[in-house]
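Below is one structure, written out as structure tokens; the observations come after it.
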Amino acid sequence: MIHQDKEIKTTKNKSKPSCCCSHDEPVHTENDGHDHGHDHEHEVEGSLFKMFLPSIISFILLLIGIGFDNYFPQSWFSGYVRIAWYVIAYLPVGLPVLKEAYESIVKGDVFSEFFLMCIATIGAFAIGEYPEGVAVMLFYTIGETFQGMAVTKAKSNIKSLLDQRPDEVTVLENNTAVKIKAKDAKIGDIIQLKAGEKLGLDGELLSDSASFNTAALTGESKPDTKKKGETVLAGMINGNTIAEVKVTTAYNDSKLSKILELVQNATTKKAPAELFIRKFAKIYTPIVVYLAIAICLLPMLFVDNYVFSDWLYRALVFLVISCPCALVISIPLGYFGGIGAASKNGILFKGSNYLDSISKIQNVVMDKTGTMTEGVFKVQEVIIKPDFDKEEILKLVNVLEGKSTHPVATAIHNYVGVIDSSIELQNVEEISGHGLKAEISGKELHVGNFKLLDKFNISYDIDPSSVVYTTIAIAYDNKFAGYLTIADEIKADAQETVSKLKSLGVKVTMLSGDKTNVVRFVADKLGIKNAFGDLLPEDKVNKVNEIKAKNETVAFVGDGVNDAPVIALSTVGIAMGGLGSDAAIETADVVIQDDKPSKIAMAINIGKQTKKIVWQNITLAFVVKAFVLILGAGGLATMWEAVFADVGVALLAILNAVRIQRMKF
């Protein structure tokens with residue numbers, strides 16, 4: 001039995017709006033009461049009509065103006081009246097953008113997309129192209145609204161998927177059922193949960209047993225039967241009997257709250273493509289502005305029949321096309337869609353950077369116990385030397401194992417029974433990678449693997465490698481007292497996991513502190529060639545370093561606590577057991593909530609599909625914009641083509657980005 005040092009790597013990120021423009025937005029907390037108007041992730045509030053009202057007003061006025069210009073000529077519709085009409089049509093959609101441009105300039109960020117839109121549309125007015133000036137700003141605003149809706153919908157989909165807690169819970173007060181707000185429930189309250197109801201807070205089951213649907217947490221609707229004393233979590237749906245649950249965690253500290261916070265904060269960790277686009281936009285936008293100035297002014301030196309208004313129009317078209325909006329919104333939205341798709345399947349990514357990293361994984365290194373096996377041990381046989389009292393030795397072992405939370409300790413407790421509280425231990429010590437030692441009435445007790453006995457020079461008369469099962473060695477008073485054998489079952493989808501990983505071109509390695517022959521036995525069943533046992537935590541680190549020395553990427557899959565050193569070292573750390581361990585959620589980069597190893601391959605596939613969509617959007621935006629930019633510079637494209645190159649491409653990219661949330665993995 002291996003008890004390893006526990007280390008927790010916490011990541012607490014404050015939520016920060018993800019800027020899609022060429023400038024950084026200020027950080028707002030939830031209590032600010034407002035968001036920056038154009039961060040593309042602002043909350044879209046109110047009815048659709050209210051959101052689109054400015055655009056509707058401008059659109060109607062624009063249509064009437066075009067009608068008066070071309071189809072129903074009016075003698076009064078000319079001169080200052082005509083200009084005033086189009087200015088009024090421009091203001092509902094133009095004023096917010098003018099305000100954003102001004103605020104950006106005040107902050108020192110001159111070359112924002114708002115600035116581009118303002119000088120392009122004001123320039124159009126300056127050369128008498130009033131309808132086109134209104135149209136550019138109108139369609140830009142419509143595009144912005146749709147983008148805001150798309151991001152908000154992506155967020156709300158994930159939030160509604162995860163935040164399944166009811167607003168009210170029924171608690172028992174003096175054996176009377178009383179309904180209160182879930183957030184007002186206190187630790188120690190008894191919740192009465194009827195059939196079909198969702199649990200509002202984490203707690204301990206007081207009823208003898210109950211069946212729960214855990215889909216909100218794991219993506220799996222298969223019922224999970226819990227027994228008295230076991231932990232049940234907020235979001236679980238009770239089966240067909242009334243159950244009583246004792247609240248053990250405050251509303252805001254529940255597992256579901258932490259999961260929800262993780263997913264919402266995932267956008268704060270940017271993927272390389274997102275970081276590149278943001279840096280690119282800051283360099284690209286000023287260059288385009290200077291090119292537009294050059295397009296407008298340089299031809300006067302080389303063109304005989306130079307007309308300023310013609311070349312200014314070309315420059316304005318060039319500016320509208322150059323807006324990087326399609327890239328800087330669709331790329332973060334693509335990654336957020338990937339995070340949402342993963343969450344839907346019970347896989348939590350702590351940032352879009354991990355989605356990007358996992359798509360390039362070449363090696364998956366996994367722990368055996370609790371990852372590829374159930375981690376539910378049962379004592380198979382007990383071999384105690386005749387010189388020792390078997391019952392007494394087992395009592396001592398049970399007391400010492402009471403100091404451990406390892407699954408092996410649980411198996412021993414289940415076999416031996418209630419811990420004898422009359423036995424007092426002194427100098428209890430956990431020896432990382434070996435086991436436990438303590439003193440009882442001046443005599444030392446050692447319980448762990450055979451390396452523990454080797455460490456203290458205690459001789460034994462058996463060959464540990466001859467025993468197939470996991471072996472727990474026992475020594476008392478510096479003499480070998482015997483051993484227990486413990487068996488663990490391989491998970492149902494473990495073999496399928498290895499096959500899927502191989503089909504993705506990923507090499508699989510199994511590392512374990514368990515005996516080499518036990519590890520080899522499991523590896524052979526699963527079809528894993530590279531398997532190593534009898535490893536200490538530092539040995540696992542060395543094995544992963546050997547792989548990394550070949551310049552290959554590594555994902556390590558473990559319990560998120562005992563394997564913390566290796567998880568920290570790996571390219572991507574994946575924790576199994578999001579339902580069983582708070583520390584697992586805090587430690588790893590990716591958390592698989594339902595303990596199913598098949599989700600490892602699914603996580604890699606989601607990463608690959610997300611990256612594919614992101615690069616499709618990058619290619620689409622660059623190709624279309626480059627083509628129309630050339631046409632615009634050559635005077636072959638009008639403002640209408642420019643609008644398509646900006647708003648149209650942005651909307652196409654957004655539609656492509658949200659597609660991942662509907663994919664089957």
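All values below come from the heavy atoms of this structure, side chains included, with hydrogens, waters and symmetry mates left out. Along the sequence shown, residues carry numbers from 1. Because the structure is a prediction, the values reported are computed rather than measured.
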#### Entry: Flag if over 12 foreign heavy atoms under 6.0 Å of CZ, Phe521
no
## Note on the structure
Sorted by chain and number, sequence neighbours left out, side-chain contact (heavy atoms from CB on, under 4.5 Å) with Asp461 holds for Lys385, Phe480
### Query
Sub-3.5 Å donor-acceptor pair from the side chain of Asn449 to the main-chain atoms of Lys451, do we have one?
yes
### Query
Near Glu489 CD, under 6.0 Å, is it more than 12 heavy atoms from other residues, nucleotides or ligands?
no
### Query
CG of Asn605 to CD1 of Ile600: how many Å apart, nearest 0.5 Å?
13.5 Å
### Summary
Note: Leu453 and Ala475 closest approach over all heavy atoms is CD2-CB, 3.6 Å
#### Entry: Lys479 atom NZ: more than 12 heavy-atom contacts under 6.0 Å
no
### Task
Flag yes if more than 12 heavy atoms outside Glu429 fall under 6.0 Å of its CD atom; otherwise flag no.
yes
### Message
Are there over 12 heavy-atom neighbours, none belonging to Lys455, within less than 6.0 Å of that residue's NZ?
### Response
no
#### Entry: Validation row: Leu501, Ile604 side chains within 4.5 angstrom (heavy atoms)
yes
### Distance, nearest 0.5 Å, that separates CG of Asp477 from CD1 of Ile440
11.0 Å
### Task
Taking all heavy atoms of Ala523 and all of Ala531, pick out the closest pair and write down the distance.
CB-CB, 3.5 Å
### Message
Suppose we screen for salt bridge (Lys or Arg N to Asp or Glu O under 4.0 Å). Which residues come up paired with Lys500, at least two apart in sequence or across chains?
### Response
Glu496
### Task
Go through the steps for Met236 and Leu193 under the test side chain to side chain contact (heavy atoms under 4.5 Å, CB included), then give the verdict.
CA-CA 11 Å; Met236 288 184 173; Leu193 202 62; over 6 Å; no
### Query
Roughly how far apart are Phe450 CZ and Tyr460 OH, rounded to 0.5 Å?
6.5 Å
### Query
Can you find a pair of side-chain heavy atoms, one from Glu374 and one from Asp488, that are under 4.5 Å apart?
yes
#### Entry: Lys502 atom NZ, neighbour heavy-atom count above 12 within 6.0 Å
yes
### Message
Under a 3.5 Å distance rule, please check whether Asn238 uses its side chain to pair with a backbone N or O of Thr241 as donor and acceptor.
### Response
yes
### Heavy-atom check, side chain of Ile361 versus side chain of Leu504, under 4.5 Å
no
#### Entry: side chain to side chain contact (heavy atoms under 4.5 Å, CB included) between Ile242 and Gln192, worked out
CA-CA 7 Å; Ile242 293 178; Gln192 185 184 73; 3.9 Å; yes
### Query
How long is the span from the CG atom in Leu436 to the CG atom in Leu445, to the nearest 0.5 Å?
9.0 Å
### Message
Between Lys599 and Asn345 (side chain of the first, backbone of the second, donor and acceptor by atom type, cut-off under 3.5 Å), is there such a pair?
### Response
yes
### Message
Would you say that Asn478 contacts His446 through its side chain, given a criterion of any heavy-atom pair below 4.5 Å between the two side chains?
### Response
yes
### Query
Within the distance-only criterion (no hydrogens, no angle test), does the side chain of Lys548 pair as donor or acceptor with the backbone N or O of Leu569 below 3.5 angstrom?
yes
#### Entry: Heavy-atom side-chain proximity of Val519 to Ser512 below 4.5 angstrom
yes
### Message
Test side chain to side chain contact (heavy atoms under 4.5 Å, CB included) on Lys228 and Leu205; report intermediate values, then the result.
### Response
CA-CA 5 Å; Lys228 185 175 182 178; Leu205 185 64; 5.6 Å; no
### Message
Please check this pair: side chain of Asn363 against backbone of Thr553, looking for a donor-acceptor N/O pair closer than 3.5 Å.
### Response
yes
### Summary
Residues Leu206 and Ile190: closest non-hydrogen pair is CD1-CD1, 3.4 Å
### Message
Between Lys543 and Asp539, does any side-chain N to carboxylate O distance fall below 4.0 Å?
### Response
no
### Message
What I'd like to find out is whether the side chain of Leu484 reaches to under 4.5 Å of the side chain of Tyr415, using heavy atoms alone.
### Response
no
### Task
Could you walk me through whether Leu233 and Phe212 pass side chain to side chain contact (heavy atoms under 4.5 Å, CB included), step by step?
CA-CA 10 Å; Leu233 304 175; Phe212 291 90; over 6 Å; no
### Point-to-point distance, once rounded to the nearest 0.5 Å, from CZ of Phe532 to CE of Met510
12.0 Å
### Summary
Heavy atoms of Glu552 and Gln362 approach each other most closely as CA-OE1, 3.1 Å
### Message
Quick one about Thr516 and Asp534 (side-chain donor to acceptor, distance below 3.5 Å, no hydrogens or angles considered), yes or no?
### Response
yes
### Message
Quick one: does any side-chain atom of Thr249 pair with a main-chain N or O of Val247 as donor and acceptor, under 3.5 Å?
### Response
no
### Message
Within the 4.5 Å heavy-atom criterion, are Met366 and Val508 side-chain neighbours or not?
### Response
yes
### Query
Under 3.5 Å, side chain of His434 to main-chain N/O of Ser432, donor-acceptor pair present?
yes
### Query
Quick one: does Lys395's side chain have a donor or acceptor within less than 3.5 Å of a partner on Ile423's backbone?
no
### Query
For the side chain of Asn398 and the backbone of Glu401, is there at least one donor-acceptor N/O pair under 3.5 Å apart?
no
### Task
State the OG1-CG distance between Thr170 and Asp189, to the nearest 0.5 angstrom.
12.0 Å
### Query
Short question: side chain of Asp202, backbone of Thr231 - any donor-acceptor pair under 3.5 Å?
no
### Task
Work out which heavy atom in Thr373 is nearest to a heavy atom in Lys491; give both atom names and the distance.
O-CE, 3.1 Å
### Task
Would you indicate whether Glu391, at its atom CD, is surrounded by more than 12 heavy atoms from other residues, nucleotides or ligands within a distance under 6.0 Å?
no
### Task
Indicate yes or no: at least one non-hydrogen side-chain atom of Val416 is less than 4.5 angstrom from one of Val397.
no
### Query
For the residue pair Ala243 and Ser207, what are the closest heavy atoms and their distance?
CA-OG, 3.4 Å
### Message
Counting only heavy atoms not in Lys360 (residues, nucleotides, ligands), do more than 12 fall under 6.0 Å from its NZ?
### Response
yes
